[in-house]
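Okay, structure first, notes after.
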Amino acid sequence: AQPDMHVPSFFYLHLHQQCDQVLLLGGVGVETCTRPSYADPASHRWQHKRPMPKSFKHGAELVATCWDERYAGVQAPPPAAEARAPALLQTRGTLCICPGGTPAAECEHAYQQKCSSCDDGFELRNSACVRPAAKSQEVLHCVNGEWKSRSGHRGLSNFQCAPCVQVAEPGYQDFINLNKQELAFYDKMTSRMYTDIYEAHCVERTGSVVEVKQKRFCSPMRIKTSPGSNDETRLVEFLDGASKCMATTVQSGEYTAAAEQCEDASVQQLLAAEQVPLILW
């Protein structure tokens, strides 16, 4: 991707976004969403992209990079057939071994440790074995029908895309185990509930009463998961500083909505998305 590129403008993007949000809310009859298929041809730069040719001429060059948002290019360890044992260097009767291996003997302080070859995962630099720096890319050349890197390795055998370490708050691993990482971020996003047929009506809280009011701008709320929620139920928290959540109550045999102190374990506060219209209207 080019640094100056902006997000493409897809046709019917709002429908895809609404479908994704319904899935995040628990589905409401939606099982899967497709990716946008049609984009404005003038929305971004794409003319420089082309299909990979079936064959390359001798001397052709390819540059391989990693998706830098999630991976970092690193030097791959050599195959077992190319692995070399750490080389020992005799210095005035004292044996020294390359850093990264198990020392066979201590070097005398008067002499600088030097190496002639290195252990796996290290490279020789200024007579010392050091860990290789991250590689931003690998350049390949077509040589007599084979791809060779500048270091002489075959193909991409000396280049890997290593996953980056992600630092997150406690509980994020639980979402990863469920393959629902997006919910960890969705819990922090503000939402609004409203109906807009002829004029806007918002879901609002007044004390312990939850009702639909005609307003131009709706109050924010947060739709989040809890330890007791399943794939379809969510907590609806009003973001007015009172820590109140929407709950279902039964009055005269009909379901109505009320605002109660938020409790993750409250069954009345765990609402399915399809229940909200039945409760409010």
Side-chain angles (χ1 to χ4, degrees), residues 1-10 34-91 95-105 107 111-167 176 179 181:
Q2 302 297 327
D4 56 347
M5 287 177 58
H6 58 84
V7 178
S9 176
F10 293 101
T34 61
R35 293 182 178 272
S37 303
Y38 303 99
D40 185 347
S43 65
H44 65 290
R45 293 169 51 190
W46 56 271
Q47 289 83 353
H48 63 286
K49 298 181 179 180
R50 58 184 59 87
M52 185 78 73
K54 295 182 179 180
S55 62
F56 291 84
K57 294 183 179 180
H58 175 79
E61 180 180 283
L62 281 179
V63 179
T65 59
C66 299
W67 183 14
D68 57 6
E69 290 184 359
R70 296 192 177 185
Y71 299 89
V74 295
Q75 179 175 314
E82 300 180 12
R84 294 177 298 176
L88 299 178
L89 180 67
Q90 187 170 2
T91 307
L95 292 178
C96 300
I97 196 169
C98 301
T102 303
C107 289
Y111 302 101
Q112 182 179 5
Q113 181 175 345
K114 296 183 179 181
C115 305
S116 58
S117 62
C118 297
D119 199 357
D120 296 350
F122 293 80
E123 64 181 14
L124 186 64
R125 188 180 302 169
N126 297 326
S127 299
C129 291
V130 297
R131 290 190 180 275
K135 300 176 64 174
S136 60
Q137 63 183 25
E138 182 73 288
V139 180
L140 303 177
H141 291 90
C142 182
V143 180
N144 293 330
E146 289 187 343
W147 289 108
K148 293 288 187 179
S149 67
R150 290 180 175 177
S151 57
H153 291 82
R154 176 178 296 179
L156 296 173
S157 61
N158 194 42
F159 182 74
Q160 289 182 348
C161 293
C164 300
V165 176
Q166 184 175 12
V167 180
I176 293 180
N179 196 26
Q181 299 92 315

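Nothing fancy with the numbering, it's 1 onward along the sequence.
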Side chains of Phe159 and Leu140: does their closest heavy-atom pair fall under 4.5 Å?
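Sidechains of Leu140 and Phe159: no contact.
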Spacing of [atom1] belonging to [X] relative to [atom2] belonging to [Y], to within rounding of 0.5 Å:
X	Y	atom1	atom2	result
His141	His58	NE2	NE2	10.0 Å
Ser151	Glu138	OG	CD	5.5 Å
Glu61	Cys142	CD	SG	11.5 Å
His153	Lys148	NE2	NZ	9.5 Å

Show the nearest heavy-atom pair for residues Ser136 and Thr65, with the distance to one decimal.
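What the structure gives for the nearest pair is O-CG2, 3.9 Å.
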Heavy-atom closest contact (Gln160 atom, Cys66 atom, distance)
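Nearest heavy atoms, Gln160 then Cys66: O-SG, 4.1 Å.
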